[in-house]
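I have placed the structure first, in the form of structure tokens, so that the comments after it can refer back to it.
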Protein chains: 2
Amino acid sequence: MELKPVNACHDCPIRHSAVCAECDADELKVLERIKSYKTVPAGAHLAEAGREMEFLSSIISGCATMSRTLEDGRRQTVGLLLPSNFIGRPGRASSPYDVEAISEVTLCRFERKAFEDLVRSTPHIATRLMTMALDELDSAREWAVVLGRMSAREKVLSFLVRLARRNAAQMGQDAPEDALTLHLPLSREELADYLGLTIETTSRQFTALRKDGLIELPSNRDVHIPDFDRLAIEAGEDEDGGLIA
Amino acid sequence: MELKPVNACHDCPIRHSAVCAECDADELKVLERIKSYKTVPAGAHLAEAGREMEFLSSIISGCATMSRTLEDGRRQTVGLLLPSNFIGRPGRASSPYDVEAISEVTLCRFERKAFEDLVRSTPHIATRLMTMALDELDSAREWAVVLGRMSAREKVLSFLVRLARRNAAQMGQDAPEDALTLHLPLSREELADYLGLTIETTSRQFTALRKDGLIELPSNRDVHIPDFDRLAIEAGEDEDGGLIA
DNA sequence: CGCTACATTGAGCTCCTTCAACGACGGTGG
DNA sequence: CCACCGTCGTTGAAGGAGCTCAATGTAGCG
């Protein structure tokens with residue numbers, strides 16, 4: 001994740017996967033005029049439920065979560081935001097969820113009003129946003145199946161499979177390597193909030209998967225998967241491949 | 001739900017809430033040329049996971065569910081499709097979910113290729129699709145909170161609150177009436193699949209809510225809510241209003 | 001070295017599921 | 001007309017997956 005400072009779009013690591021992916025050179029110039037970069041430390045709040053947002057932004061590097069906390073403290077993470085993901089939406093001033101930086105995050109920001117005008121005048125941005133929204137919709141529904149019907153073990157397995165697929169896709173690979181090591185962007189507690197479990201149950205499942213030889217745990221944040229296909233089968237994969245992240 | 005045959009867009013009950021909502025008269029003429037109506041009986045499969053779709057369509061009347069069935073038979077419904085909802089997406093030939101008519105459903109259909117061309121050439125359709133996708137994304141995430149963190153009782157309450165809000169919105173009301181009667185579009189089993197519960201637990205929760213005086217059950221498919229605000233509070237509403245459907 | 005934050009492990013309990021029986025309703029056919 | 005049957009919904013009893021509460025373990029850091 002070591003990143004040299006980005007100054008221009010043609011240097012940008014998410015140039016071809018973010019909201020600007022379909023833009024041509026002229027459109028990119030307009031974007032370039034209204035964009036600004038910002039790096040925030042882990043723990044920063046990028047949006048708060050109900051609070052007005054001044055900027056819409058793309059994640060260039062780092063990781064953030066989108067979550068809802070109920071008043072009794074229960075919390076559910078509804079999205080894991082990684083590079084190229086978009087925060088905020090045109091046509092609405094506030095996010096319905098809290099968005100929090102989990103690691104240091106570098107953003108490419110657009111002042112909201114200016115971006116909304118741009119969406120109207122630049123079809124390539126509107127169609128790209130539509131595609132991204134539809135992809136995320138599939139992903140959210142996919143996750144609903146996990147939350148609604150899967151056991152704790154399957155939830156953890158599904159998470160690992162999705163993360164591996166997402167990483168592979170970002171590296172331009174078609175499928176994850178046979179054997180690979182994942183770095184977990186989330187702590188056990190953050191993971192539990194994502195999986196709809198408690199931290200204890202999550203931890204127990206990691207231990208159980210280790211004892212079953214499906215994973216190794218070189219550190220708390222690293223998971224080595226000796227045989228990805230076996231993991232995917234255990235996760236309950238029928239369709240070969242499934243959707244990415 | 002008694003519906004007289006629709007023949008032209010200006011007569012259409014979903015004219016101002018469907019994918020065509022932002023279209024002007026000229027754009028509507030183009031749509032009119034490629035659209036066709038179709039009515040299917042309850043139980044019809046409007047899409048099957050992985051199978052190619054010939055048409056994209058809007059629901060004009062009736063109700064459908066979008067769901068995934070795992071090979072061991074577990075099933076999770078990830079979306080409840082009501083009038084004005086769109087089935088399918090441009091740029092992808094197949095749906096990742098099964099879409100099934102729950103009641104008789106009347107559709108406004110577009111041949112896929114023709115519609116995809118139209119999206120590219122008609123910005124008002126692209127922006128409307130984007131807005132609808134973003135709304136559904138919020139809705140799907142909202143439901144993830146319910147699936148991941150709520151008790152059986154809260155799940156049933158949340159469903160009733162959402163259904164009431166969605167009905168009210170469709171009637172052009174700002175909020176549901178103080179006292180109202182809901183017609184459930186789903187059987188107990190279909191509801192259980194949506195809530196991530198078993199049919200037995202779902203049934204028990206209805207009984208419990210009735211005993212607590214929160215609802216009355218004039219028939220299996222009808223729920224009378226004497227005091228909507230009380231129901232909403234029981235459902236764990238902090239924010240006044242929340243998102244629609 | 002002790003402090004703090006994070007992760008793991010254990011024991012008991014709760015809520016939901018599972019398995020099973022029963023009830024209500026509607027259609028069909030004798 | 002009513003017995004029969006199928007579907008759907010409700011209710012009961014027992015078991016289990018995951019939660020809660022609590023203790024222990026471990027790594028980073030002043």
Side-chain angles (χ1 to χ4, degrees), chain A residues 41-43 65 70 72-76 100 102-103 146-160 182-212 215-223 234 236, chain B residues 41-43 65 70 72-76 100 102-103 146-160 182-212 215-223 234 236:
Chain A
T65 57
L70 306 179
D72 59 7
R74 283 177 292 176
R75 182 152 126 158
Q76 178 65 48
E100 196 179 338
I102 290 304
S103 65
V146 174
L147 290 176
R149 288 299 179 198
M150 294 213 172
S151 68
R153 181 188 177 94
E154 290 169 317
K155 284 179 174 182
V156 171
L157 285 164
S158 296
F159 174 78
L160 294 174
L182 287 175
H183 181 74
L184 301 181
L186 304 175
S187 69
R188 292 287 183 275
E189 178 162 21
E190 289 155 348
L191 197 45
D193 286 339
Y194 192 32
L195 301 176
L197 298 171
T198 59
I199 181 174
E200 294 94 333
T201 299
T202 307
S203 180
R204 278 185 248 270
Q205 295 308 322
F206 270 96
T207 305
L209 294 178
R210 182 173 53 71
K211 287 185 177 159
D212 291 351
I215 60 172
E216 291 157 29
L217 295 167
S219 85
N220 281 334
R221 291 286 192 132
D222 292 290
V223 179
E234 283 276 326
Chain B
T65 58
L70 307 178
D72 59 7
R74 285 178 291 177
R75 180 151 129 157
Q76 178 65 48
E100 195 178 339
I102 290 305
S103 63
V146 173
L147 290 176
R149 287 301 179 198
M150 293 210 172
S151 66
R153 180 188 177 95
E154 290 170 315
K155 283 179 174 181
V156 171
L157 285 164
S158 295
F159 173 77
L160 294 175
L182 288 175
H183 182 74
L184 301 180
L186 305 175
S187 69
R188 292 287 183 276
E189 179 161 22
E190 289 155 350
L191 198 44
D193 286 338
Y194 193 32
L195 301 175
L197 298 171
T198 58
I199 182 174
E200 295 94 331
T201 300
T202 307
S203 179
R204 279 186 246 271
Q205 295 307 322
F206 270 96
T207 305
L209 295 178
R210 182 172 54 70
K211 287 187 176 157
D212 291 351
I215 61 172
E216 291 156 31
L217 295 168
S219 85
N220 281 337
R221 289 288 191 131
D222 292 290
V223 179
E234 284 276 326

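A note on names: the letters A, B, ... follow the listed sequences, proteins ahead of strands, and every chain is numbered from 1. Because the structure is a prediction, the values reported are computed rather than measured.
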Just the endpoints, please: which first and last nucleotides of DNA chain D, 5' to 3', lie under 4.0 Å from a heavy atom of chain B? dG9(D) to dA13(D)
Phe159(B) meets the ring-ring contact (aromatic ring centres under 6.0 Å, His included) criterion, sequence neighbours left out, with Tyr194(B)
To the nearest angstrom, the CZ-C1' distance between Arg210(A) and dT9(C) comes to 12 Å
Which pair of non-hydrogen atoms, one from Thr201(B) and one from Ala152(B), has the smallest distance, and what is that distance? CG2-CB, 3.6 Å
d(Gln205(B) CD, Leu195(B) CG) to nearest 0.5 Å is 10.0 Å
Spacing of CD1 belonging to Ile199(B) relative to CZ belonging to Arg188(B), to within rounding of 0.5 Å: 8.5 Å
Return the polar atom pairs (N/O with N/O) between nucleotides 18-22 of chain C and the protein under 3.5 Å, or none.
| residue | atom | partner | partner atom | Å |
| --- | --- | --- | --- | --- |
| dT18(C) | O4 | Arg204(B) | NH2 | 2.9 |
| dC19(C) | N4 | Glu200(B) | OE2 | 3.1 |

Drop me the distance from Ile102(A)'s CD1 to Glu190(A)'s CD, to the nearest 0.5 angstrom. 3.5 Å
Distance check needed: dT14(C) P versus Arg153(B) CZ, whole Å only. 18 Å
Hey, does Gln76(A) have a side-chain heavy atom less than 4.5 Å from the side chain of Leu147(A)? yes
Indicate the atoms forming the closest heavy-atom contact of Arg75(B) with Asp193(B), along with that distance. NE-OD2, 3.3 Å
Could you list the donor-acceptor pairs under 3.5 angstrom formed between side-chain atoms of residues 215-223 of chain A and any protein atom two or more places apart in sequence or on another chain?
| residue | atom | partner | partner atom | Å |
| --- | --- | --- | --- | --- |
| Ser219(A) | OG | Arg221(A) | N | 3.2 |
| Ser219(A) | OG | Asp222(A) | N | 3.3 |
| Ser219(A) | OG | Asp222(A) | OD2 | 2.8 |
| Arg221(A) | NH1 | Leu184(A) | O | 3.3 |
| Arg221(A) | NH1 | Pro185(A) | O | 3.0 |
| Asp222(A) | OD1 | His183(A) | ND1 | 3.1 |

Rounded to the nearest 0.5 Å, the CG atom of Leu70(B) sits from the CE atom of Met150(A) at a distance of 5.0 Å
State whether the side chain of Arg149(B) and the backbone N or O of Arg74(A) hold a donor-acceptor pair below 3.5 Å, judged by distance alone. no
Regarding Ser219(A), tell me which of base, sugar-phosphate or nothing describes its non-hydrogen contacts under 4.0 Å with the strands shown. nothing
Just how large is the angle between the end axes of the helix from dC1(C)-dG30(D) to dG30(C)-dC1(D), five pairs per end, to 10 degrees? 20°
In whole angstrom, what separates Lys211(A)'s NZ from dT8(C)'s P? 11 Å
To the nearest 0.5 Å, atom CG of Leu197(A) lies from atom CD of Glu200(A) at 10.5 Å
How many Å lie between CG on Leu217(B) and P on dA24(C), as a whole number? 15 Å
Which atom of Val146(B) lies closest to which atom of Lys155(B), heavy atoms considered: O-CE, 3.5 Å
Check: protein-nucleotides 2-7 of chain C nitrogen or oxygen pairs below 3.5 Å:
| residue | atom | partner | partner atom | Å |
| --- | --- | --- | --- | --- |
| dA7(C) | OP1 | Arg188(A) | N | 3.4 |
| dA7(C) | OP2 | Arg188(A) | N | 3.2 |
| dA7(C) | O3' | Asn220(A) | OD1 | 3.4 |

Leu182(A) and Leu160(A) have their tightest heavy-atom pair at CD1-O, 3.6 Å
Separation of dC15(C) P from Leu197(A) CG (nearest whole Å): 18 Å
